[in-house]
Student: 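Below is a structure I'd like to ask you about.
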Amino acid sequence: MKKILLFITFSIAILTQATAQQTTLISKEEVAEKVVKNNNSIKISEQEFLEAKADFDQTKAVFLPNITASHTGIITTNPLMAFGSKLNQGILTSNDFNPDLLNDPDQIQNFATIIEVQQPLINIDGLYQRKAARASMEAVLLKKQRTEEYLSFEVENAYMQLQLAYKGIAVLEKVQKAAQENLKLAQDRLKQGYLQRADVLNVEVRLTEVQNQLQTARSNVQNASDYLSYLMDDDGYTIYKPSDSLTIKNITIKDNNFSENRSDIKAMQLATTAYEAANKADKMAFLPRLNAFGSYELYDENLFQASANGYVVGAQLSWDLFKGSQRIGQANKSKATLEKSKLQYEQYVSKSKLEINKAQRMLNDAENRLKLAQLALDQSKESLRIRTNRFKEGLEKTSDLLNAETQFAQKQLEYYQTVFEFNYAQAYINFLTKSK
């Protein structure tokens with residue numbers, strides 16, 4: 001029984017490990033498609049837009065009527081209500097004017113069905129509130145667009161990180177293979193008496209260092225895969241592998257200057273417009289409002305009956321002359337909010353220009369480093385080739401060979417890192433200068 005349980009446990013462990021180590025080939029286009037479809041940031045921005053749209057729809061109340069219907073039943077001996085109920089029902093007689101009956105009426109029941117309509121006519125503050133809600137809705141829509149643009153840039157960045165991680169593995173695997181061959185050769189030389197034990201230990205230490213670096217590179221692949229899974233809202237344990245390799249890209253940048261037509265800049269402009277309209281709405285709250293109203297009323301002494309009816313139609317001009325300091329404080333608050341929004345816009349524009357200038361310098365520096373990295377890579381490759389041949393012939397020290405191997409591996413990794421930085425800088429500038 002213990003053997004069976006042990007076998008089952010071992011089998012489950014193997015299956016779990018196999019699942020955890022599953023590798024899936026994926027292209028950048030597939031990542032982008034899944035991000036657009038599944039990413040929670042996009043879904044959140046969509047819901048924010050629906051919220052803003054719902055707020056805007058509510059402002060239709062400044063044009064549309066408010067219609068209510070009610071059915072009310074009462075039983076009363078209150079003199080005034082009893083007399084009024086009979087009057088509404090149309091059953092009042094001359095006997096009801098008897099002072100004794102007026103002062104001490106019999107119990108009466110009354111059922112009233114009332115349909116009321118209230119129609120706004122002139123509400124200037126409501127018009128400005130509607131304008132503010134529209135501007136806010138359009139700003140949220142542009143914010144949603146900028147979120148999608150940012151995630152597109154993040155897909156580019158994350159996918160390149162995955163490519164870079166696999167380049168690191170490829171480089172270190174070759175270095176590991178060369179280190180293993182050098183170790184075998186060193187061990188043979190030790191047996192033949194051409195090398196000392198200290199030289200072999202140096203080669204073994206070098207091999208261990210490469211193996212540690214390789215493990216770190218594999219962890220980088222897992223980290224990059226996890227980030228891609230996060231962007232695609234995939235909770236699996238998949239290790240992704242890019243369908244194409246990391247290469248130098250020349251991304252077409254239409255204009256590397258700051259543009260106020262960028263979606264996030266336009267969103268901030270619209271937000272300021274919304275605050276300005278809200279401030280005007282608060283100021284217009286001091287003006288009177290004109291509203292029409294009407295009602296159609298049905299009365300009877302029995303439930304859901306209508307032996308008598310009548311209607312009321314009218315208009316009301318209302319003016320809140322003073323409400324403490326509430327409206328004054330609200331107007332001052334909205335004015336301060338408007339001024340703060342203007343300052344935030346200026347600050348954001350200034351920071352955006354700073355980021356573009358910084359990104360442009362980053363691109364220029366990466367381009368220069370790329371040329372130097374290519375030259376250094378070629379030099380270290382040739383140096384390693386010469387020292388390897390001399391080592392095989394017994395003409396080169398072990399330490400010199402190990403240094404050449406270390407330098408070549410380092411230059412390869414630096415080169416691919418520079419390629420990544422060059423491509424990233426182009427993508428970043430493209431993101432910063434993208435117009436609406």
Side-chain angles (χ1 to χ4, degrees), residues 15-43 147-178 210-211 213-254 362-363 366-367 369-370 373-374 377 381 408-409 411-432 434:
L15 290 174
T16 303
Q17 184 178 7
T19 303
Q21 298 300 320
Q22 180 184 0
T23 301
T24 301
L25 193 67
I26 194 168
S27 66
K28 185 176 68 175
E29 290 74 20
E30 290 177 301
V31 175
E33 182 179 350
K34 290 183 178 181
V35 167
V36 171
K37 183 179 179 181
N38 301 324
N39 186 267
N40 283 329
S41 295
I42 293 179
K43 293 179 181 179
T147 299
E148 293 172 350
E149 292 171 354
Y150 172 74
L151 286 173
S152 177
F153 165 70
E154 274 300 287
V155 167
E156 187 83 28
N157 178 30
Y159 194 78
M160 288 193 300
Q161 287 180 349
L162 186 66
Q163 291 176 321
L164 179 62
Y166 272 98
K167 279 294 186 181
I169 289 179
V171 169
L172 292 171
E173 284 180 343
K174 291 181 180 178
V175 173
Q176 182 186 38
K177 184 178 179 181
V210 173
Q211 290 172 340
Q213 291 175 346
L214 187 57
Q215 181 58 42
T216 301
R218 292 194 174 106
S219 295
N220 291 337
V221 168
Q222 183 65 69
N223 293 335
S225 297
D226 289 346
Y227 187 55
L228 282 177
S229 297
Y230 165 75
L231 290 176
M232 296 184 293
D233 194 29
D234 181 10
D235 296 332
Y237 295 93
T238 305
I239 297 178
Y240 292 106
K241 184 175 182 179
S243 59
D244 51 347
S245 182
L246 179 66
T247 56
I248 299 175
K249 294 182 179 180
N250 291 312
I251 301 175
T252 302
I253 301 174
K254 296 181 180 180
M362 181 173 63
L363 177 61
E367 188 174 9
R369 288 199 307 272
L370 188 60
Q374 181 65 65
L377 178 62
K381 182 179 180 180
F408 179 58
K411 295 305 178 183
Q412 283 181 290
L413 296 175
E414 288 178 357
Y415 172 76
Y416 289 122
Q417 178 66 34
T418 307
V419 170
F420 168 81
E421 292 173 357
F422 177 72
N423 292 343
Y424 174 85
Q426 292 183 93
Y428 188 44
I429 291 179
N430 190 49
F431 168 71
L432 293 177
K434 187 181 289 292

Student: Yes or no on side-chain contact (heavy atoms from CB on, under 4.5 Å) for D234 and N38, after CA distance, side-chain angles and deciding distance?
Tutor: CA-CA 8 Å; D234 181 10; N38 301 324; over 6 Å; no
Student: Would you give the length of the straight line joining atom CG of L228 to atom OG1 of T24, rounded to the nearest 0.5 angstrom?
Tutor: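 These two atoms lie 11.5 Å from each other.
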Student: Would you check, one step at a time, whether the test side-chain contact (heavy atoms from CB on, under 4.5 Å) holds for E30 with Y240?
Tutor: CA-CA 12 Å; E30 290 177 301; Y240 292 106; over 6 Å; no
Student: Assign the ring pair F420 / Y424 to parallel, tilted or perpendicular, where the plane angle (0 to 90°) is split at 30° and 60°.
Tutor: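 F420 vs Y424 ring planes: parallel.
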Student: Between the side chains of Q211 and Q215, is a donor N or O closer than 3.5 angstrom to an acceptor N or O?
Tutor: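 Not at all, the side chains of Q211 and Q215 share no donor-acceptor pair under 3.5 Å.
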Student: Around atom OH of Y230, are there more than 12 heavy atoms from other residues, nucleotides or ligands closer than 6.0 Å?
Tutor: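 For Y230, atom OH is not crowded (no more than 12 foreign heavy atoms under 6.0 Å).
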Student: Quick check: does any side chain N or O of D233 sit under 3.5 Å from a backbone N or O of N39, one acting as donor and the other as acceptor?
Tutor: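 No.
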Student: Quick one: pull up CG in N157 and OH in Y150 and give me the separation to the nearest 0.5 Å.
Tutor: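 Here the interatomic distance stands at 8.0 Å.
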Student: Please check if the side chain of S229 supplies one atom and the backbone of S225 the other of a donor-acceptor pair under 3.5 Å.
Tutor: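 Yes; at least one donor-acceptor contact below 3.5 Å.
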Student: Check for a donor-acceptor pair, side chain of Q426 on one end and backbone N or O of K249 on the other, with a separation under 3.5 Å.
Tutor: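 Side chain of Q426 to backbone of K249: a pair is present.
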Student: Are the side chain of E149 and the backbone N or O of F431 linked by a donor-acceptor pair below 3.5 Å?
Tutor: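 No: the side chain of E149 does not pair with the backbone of F431.
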Student: Please find out if less than 6.0 Å separates the ring center of Y227 from that of Y159.
Tutor: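 For Y227 and Y159, the ring centres are not under 6.0 Å apart.
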Student: For L377 and E414, run side-chain contact (heavy atoms from CB on, under 4.5 Å): C-alpha distance rounded to whole Å, both residues' side-chain angles, the deciding distance at 0.1 Å, then the answer.
Tutor: CA-CA 9 Å; L377 178 62; E414 288 178 357; over 6 Å; no
Student: May I have the step-by-step check of side chain to side chain donor-acceptor pair (under 3.5 Å) for D226 and Q222, ending in yes or no?
Tutor: CA-CA 6 Å; D226 289 346; Q222 183 65 69; 2.8 Å; yes
Student: Nearest 0.5 Å, please: how far is CD in E421 from CG in L164?
Tutor: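 Reported value, rounded in 0.5 Å steps: 9.0 Å.
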Student: More than 12 heavy atoms of other residues, nucleotides or ligands under 6.0 Å from CD of E173: is that the case?
Tutor: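 Yes - once you tally the heavy atoms of other residues, nucleotides and ligands closer than 6.0 Å, there are more than 12.
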Student: With the side chain counted from C-beta on, respond yes when T238 and T23 share a heavy-atom pair under 4.5 Å apart, and no when they do not.
Tutor: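 Not touching, per the 4.5 Å side-chain cut-off.
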Student: For the CG atom of L363 and the CZ atom of F422, what is their distance to the nearest 0.5 Å?
Tutor: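 CZ of F422 is found 5.5 Å from CG of L363.
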Student: Is any side-chain heavy atom of V31 closer than 4.5 Å to a side-chain heavy atom of L231?
Tutor: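 No, side chains not in contact.
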Student: Step by step, work out the side-chain contact (heavy atoms from CB on, under 4.5 Å) result for Y415 and L370.
Tutor: CA-CA 7 Å; Y415 172 76; L370 188 60; 4.0 Å; yes
Student: To the closest 0.5 Å, what do you measure between OG (S41) and CD (E154)?
Tutor: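 Separation between the atoms: 10.0 Å.
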Student: Quick one: are I248 and Q374 in side-chain contact, heavy atoms under 4.5 Å?
Tutor: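 Side-chain contact under 4.5 Å: no.
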Student: Are side-chain heavy atoms of N423 and L246 found at a separation under 4.5 Å?
Tutor: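 N423 vs L246: side chains touch.
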Student: For atom NZ of K43, is the number of surrounding heavy atoms from other residues, nucleotides or ligands below 6.0 Å larger than 12?
Tutor: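 For K43, atom NZ is crowded (more than 12 foreign heavy atoms under 6.0 Å).
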Student: Rounded to the nearest 0.5 Å, what's the gap from CD on Q412 to CG on L172? Could you check?
Tutor: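 Rounded to the nearest 0.5 Å, the CD-CG separation comes out at 8.5 Å.
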Student: Where do N220 and Q161 land on the side chain to side chain donor-acceptor pair (under 3.5 Å) test, with the steps shown first?
Tutor: CA-CA 9 Å; N220 291 337; Q161 287 180 349; over 6 Å; no
